[in-house]
Each structure stands twice: as C-alpha cells, then as structure tokens.
Amino acid sequence: MTEDVRAGAREGGVRRADLRRGWGRFVDVLIRLVRWAGLVCAALLAIHVILTIGSANPDNGITRFVSAAADPLALGFQDLFTPADPQLAVLLNYGIAALFWLVITSMATKILAALR
C-alpha cells in the first residue's frame with residue numbers, strides 16, 4: 001500500500017511537490033524579469049521627459065541615447081497630444097507612455113502570480 005501511495009505521488013520519477021516548487025521558482029523569476037523590464041522602460045521614458053523639459057543638450061551622447069531608446073518605447077503615444085509647446089507635448093505623451101508601462105507591468109505580474 002505504501003508503494004502505491006509513493007508511486008502515485010511521483011510523476012516521471014519526480015515528486016509532484018518538487019515539480020510545483022520548481023514551477024513556483026520559475027514563475028517568481030519571470031515576475032521579477034517582467035517587473036524590471038517595465039521599470040526600465042518607464043524610467044527611460046521619464047528620463048527622456050526630464051532631459052527634454054530641462055533643455056538638455058541634444059548633441060550630448062546621453063541625451064541622444066535616451067531619446068533613441070524612448071521613441072520605440074513610447075508605443076505610439078509620441079503624438080497622442082499635439083499642444084503648441086513641444087516640451088508640454090513630450091511631458092504629456094512620454095509621461096503617459098511611462099504610466100502605461102507601469103500599469104501593464106503591474107497587470108502582467110498579477111497574472112503571472114496567479115499561475116504560481
């Protein structure tokens with residue numbers, strides 16, 4: 001009888017508890033990666049807003065790098081609002097894109113946590 005219980009608790013020679021623990025660790029790592037990716041995207045967009053509003057030198061290497069990284073991360077929000085002031089346009093459009101990344105990341109981590 002004990003052999004039947006032990007055999008039922010195994011799946012391919014690995015205990016189900018070990019499989020669940022391994023799955024949980026995998027999902028935890030995935031959640032951390034998603035959080036960091038979303039945070040980095042939002043941070044790059046926020047830094048782009050700060051550099052633009054602060055009138056950073058557009059020929060500076062850091063400014064060019066952040067601007068080049070922020071454009072694809074804006075995901076179509078670049079021209080959502082078109083006020084006359086270009087700095088206000090950057091604040092609104094890239095700021096909304098940064099918030100979007102934070103919200104989507106939060107939703108994705110909650111979904112992943114439910115898979116644990």
Worksheet item: Do Leu91 and Phe81 belong together in a cluster built from hydrophobic side chains that touch within less than 4.5 Å?
Response: yes
Worksheet item: Quick one: do Trp101 and Leu80 end up in the same hydrophobic cluster if we chain Ile, Leu, Val, Met, Phe, Trp and Tyr together by side-chain heavy atoms under 4.5 Å apart?
Response: yes
Fill in: Nearest heavy-atom neighbours spanning Ser55 and Gln87
OG-NE2, 3.3 Å
Worksheet item: Do Thr105 side-chain atoms and Leu102 backbone N/O form a donor-acceptor pair below 3.5 Å?
Response: no
Discussion item. Would the distance check show the side chain of Ser67 and the main-chain N or O of Thr63 forming a donor-acceptor pair, the cut-off being under 3.5 Å?
Written reply: no
Starting at [atom1] of [X], measure out to [atom2] of [Y] and round the result to the nearest 0.5 Å.
| X | Y | atom1 | atom2 | result |
| --- | --- | --- | --- | --- |
| Asp79 | Leu92 | CG | CG | 12.5 Å |
| Leu88 | Thr52 | CG | OG1 | 12.0 Å |
| Leu73 | Leu75 | CG | CG | 7.0 Å |

Practice prompt. Using side-chain hydrogen bond (donor to acceptor under 3.5 Å, both in side chains) as the criterion, list what pairs up with Gln78, not counting sequence neighbours.
Written response: none
Expected list for residues 22-50: side-chain donor-acceptor pairs under 3.5 angstrom, two or more places apart:
{"residue": "Trp23", "atom": "NE1", "partner": "Leu115", "partner atom": "O", "Å": "2.8"}
{"residue": "Asp28", "atom": "OD1", "partner": "Arg116", "partner atom": "NE", "Å": "3.0"}

Practice prompt. Kindly say whether the aromatic ring centers of Tyr94 and Phe77 come within a distance under 6.0 Å.
Written response: no
